[in-house]
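Heads up, the thing below is written out as structure tokens.
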2 protein chains.
Amino acid sequence: MSDVSILSDEFYSFLTGKVSTAISRRLQRNLKCGKLNITSEQWTILYHLWLEEGLTQQELANLTFRDKPSITRLINNLEKLSLVIRVNDKHDRRSNLIYLTKEGRKLKDEGMKQSAITINEAVAGLGLEELRVAQQVLDKVFQNIK
Amino acid sequence: MSDVSILSDEFYSFLTGKVSTAISRRLQRNLKCGKLNITSEQWTILYHLWLEEGLTQQELANLTFRDKPSITRLINNLEKLSLVIRVNDKHDRRSNLIYLTKEGRKLKDEGMKQSAITINEAVAGLGLEELRVAQQVLDKVFQNIK
DNA sequence: CTTCTTTAATTGCATAAGCAACCTAAATTA
DNA sequence: TAATTTAGGTTGCTTATGCAATTAAAGAAG
């Protein structure tokens, strides 16, 4: 194994949530600025639905790297907020297909805008090349341990 | 602003917890393999205490980038597990100094070992130079939005 | 001193995650 | 076609997080 001891301490603390926590909080804050009353976790579900409706809970679980109970509860809460609905799949009655409500669709523009703002704040001052390397590293790390 | 659209989608999902979630889960699993019955969050507290005891809760909050209530409850749970104790600071009675118990100290070797294993699994196959770039990027991102 | 402000920690309330156990429907296979 | 296995979701239990409001001690200002 290579000697990663030079950077592992700080790197580890970054990997273990420091950066992603900071991003979540910032996204949360920005959503609030945009008058969106949703959590950053709910945003990740809506994000995928804004791109494509009718996903199953299992598909959402895979896309967001969460377990099934987490999705069940996120969908419960989003249903309570009248942003999505479960539609039982006629071809496979085990599955729920998740659709946005009108309310849910209305949030798309602002939701996309605030996440774009967030990511631009996050990567401000960084060059494409280093971002690309960072992405490759994160991708590789994810493949290593997922 | 630079055009980050090429990578932002995937990058964003990495930043928003995919990688850190994977690492947490892996650490959790490895801790379990090492017969350590603690959560990965508890590990992050213990980690700092293994390096230096007598930190205040506020210091732990800063080190782990959590808010004070989170620390209060993590310390509560660690106290229940008899791994740490709160000692009221005689010079500033608002503060608690957090010390490890014998039990808590006993976990150091295995705790450090399992986290080292975890990080080595995570960065397997990656070169020092790309890790360094990734770390710089994450650092910059953190500075941008913290 | 006494008042005002800041700081450390706690509590309450709501949301979210992980894991294990469970239920039901679908797919396999015998 | 009956029996078994697999897959999609849900529920229970425990832990963790964020935010706002609160208490108590310390420090600063008058």
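Proteins get letters first, then strands, A, B, ... in listed order; numbering begins at 1 in each. What you see is a predicted model, and the numbers here were worked out from it, not measured in a lab.
- Atom pair A:Gln57:CD and D:dT11:P shows a separation of 11 Å (rounding to whole Å applied).
- DNA chain D lies under 4.0 Å from at least one heavy atom of each of the following residues of residues 74-92 of chain B: B:Leu74, B:Asn77, B:Asp92.
- In this structure, CG of B:Asp67 is placed 14 Å from C1' of D:dA21, rounded to the nearest angstrom.
- Evaluation of the ring-ring contact (aromatic ring centres under 6.0 Å, His included) test over residues 62-91 of chain A, restricted to residues two or more places apart or in two chains, returns A:Phe65-A:Phe142.
- A:Tyr99 and A:Leu78 fall into different hydrophobic clusters, where Ile, Leu, Val, Met, Phe, Trp and Tyr residues are linked whenever their side-chain heavy atoms come under 4.5 Å apart, directly or through other members.
- Rounded to whole angstrom, the span from the CG atom of B:Asn62 across to the P atom of C:dA9 amounts to 10 Å.
- When hydrophobic clusters are built by joining Ile, Leu, Val, Met, Phe, Trp and Tyr residues whose side-chain heavy atoms come closer than 4.5 Å, directly or via intermediates, B:Ile85 is not grouped with B:Ile75.
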Considering only nitrogen or oxygen atoms on both sides, find all protein atoms under 3.5 Å from nucleotides 12-14 of chain C and state each distance.
unit_1 : atom_1 : unit_2  : atom_2 : d
C:dG12 : N7     : B:Arg73 : NH2    : 2.8
C:dG12 : O6     : B:Arg73 : NH1    : 3.1
C:dG12 : O6     : B:Arg73 : NH2    : 3.2

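- In this structure, A:Thr39 reaches the C:dA16 phosphate: one of its side-chain N or O atoms is under 4.0 Å from OP1 or OP2.
- Atoms CD1 (B:Ile71) and P (C:dT7) sit 18 Å apart, rounded to a whole Å.
- Regarding B:Asn37, its CG atom lies at a distance of 13 Å from the P atom of C:dC19, rounded to whole Å.
- Note: the hydrophobic cluster containing A:Leu97 does not contain A:Ile45 (ILVMFWY, side chain heavy atoms under 4.5 Å, direct or indirect links).
- Linking ILVMFWY residues whenever their side-chain heavy atoms come closer than 4.5 Å, directly or via other members, leaves B:Leu100 and B:Val87 in distinct clusters.
- In this structure, B:Ile45 atom CD1 and D:dT15 atom C1' are separated by 13 Å, rounded to whole Å.
- A close approach under 4.0 Å does occur between a side-chain nitrogen or oxygen of A:Arg25 and OP1 or OP2 of D:dG18.
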Subject >> side-chain contact (heavy atoms from CB on, under 4.5 Å) between B:Thr56 and B:Ile98, worked out >> reply: CA-CA 6 Å; B:Thr56 66; B:Ile98 311 300; over 6 Å; no
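- Partners of A:Asn30 by side chain to side chain contact (heavy atoms under 4.5 Å, CB included), not counting sequence neighbours, listed by chain and number: A:Arg26, A:Gln114, A:Ile117, A:Thr118, A:Glu121.
- If you check every strand for non-hydrogen atoms under 4.0 Å, B:Thr72 touches a base.
- If you take CG of B:Asn96 and P of D:dA26, they are 12 Å apart, rounded to a whole angstrom.
- Distance CG (B:Leu27) to P (C:dG18): 14 Å, rounded to an integer number of Å.
- Listed pair A:Ser70 / C:dG18 meets the phosphate criterion, a side-chain N or O lying under 4.0 Å from OP1 or OP2.
- Atom CD1 of residue A:Ile145 and atom OG of residue B:Ser24 lie 9.0 Å apart, to the nearest 0.5 angstrom.
- A:Leu63 and A:Ile38 end up in the same hydrophobic cluster when Ile, Leu, Val, Met, Phe, Trp and Tyr side chains are linked at under 4.5 Å.
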Original post:
Which letters describe nucleotides 2-7 of chain D, given B = protein heavy atom under 4.0 Å from base, S = only from sugar-phosphate, - = neither?
Top reply: -----B
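- A:Leu31 contributes atom CG, which lies 8.0 Å from atom OG of A:Ser115 (distance to the nearest 0.5 angstrom).
- Partners of B:Glu41 by side chain to side chain contact (heavy atoms under 4.5 Å, CB included), not counting sequence neighbours, listed by chain and number: B:Thr39, B:Arg66, B:Leu74.
- Within the 4.0 Å cut-off from OP1 or OP2 of C:dA26, at least one side-chain nitrogen or oxygen of A:Arg93 is found.
- Side-chain nitrogen and oxygen atoms of B:Gln28 include none within less than 4.0 Å of the OP1 or OP2 phosphate oxygen of C:dA17.
- Salt bridge present: A:Glu53 and A:Arg105 bring a charged side-chain N and a carboxylate O closer than 4.0 Å.
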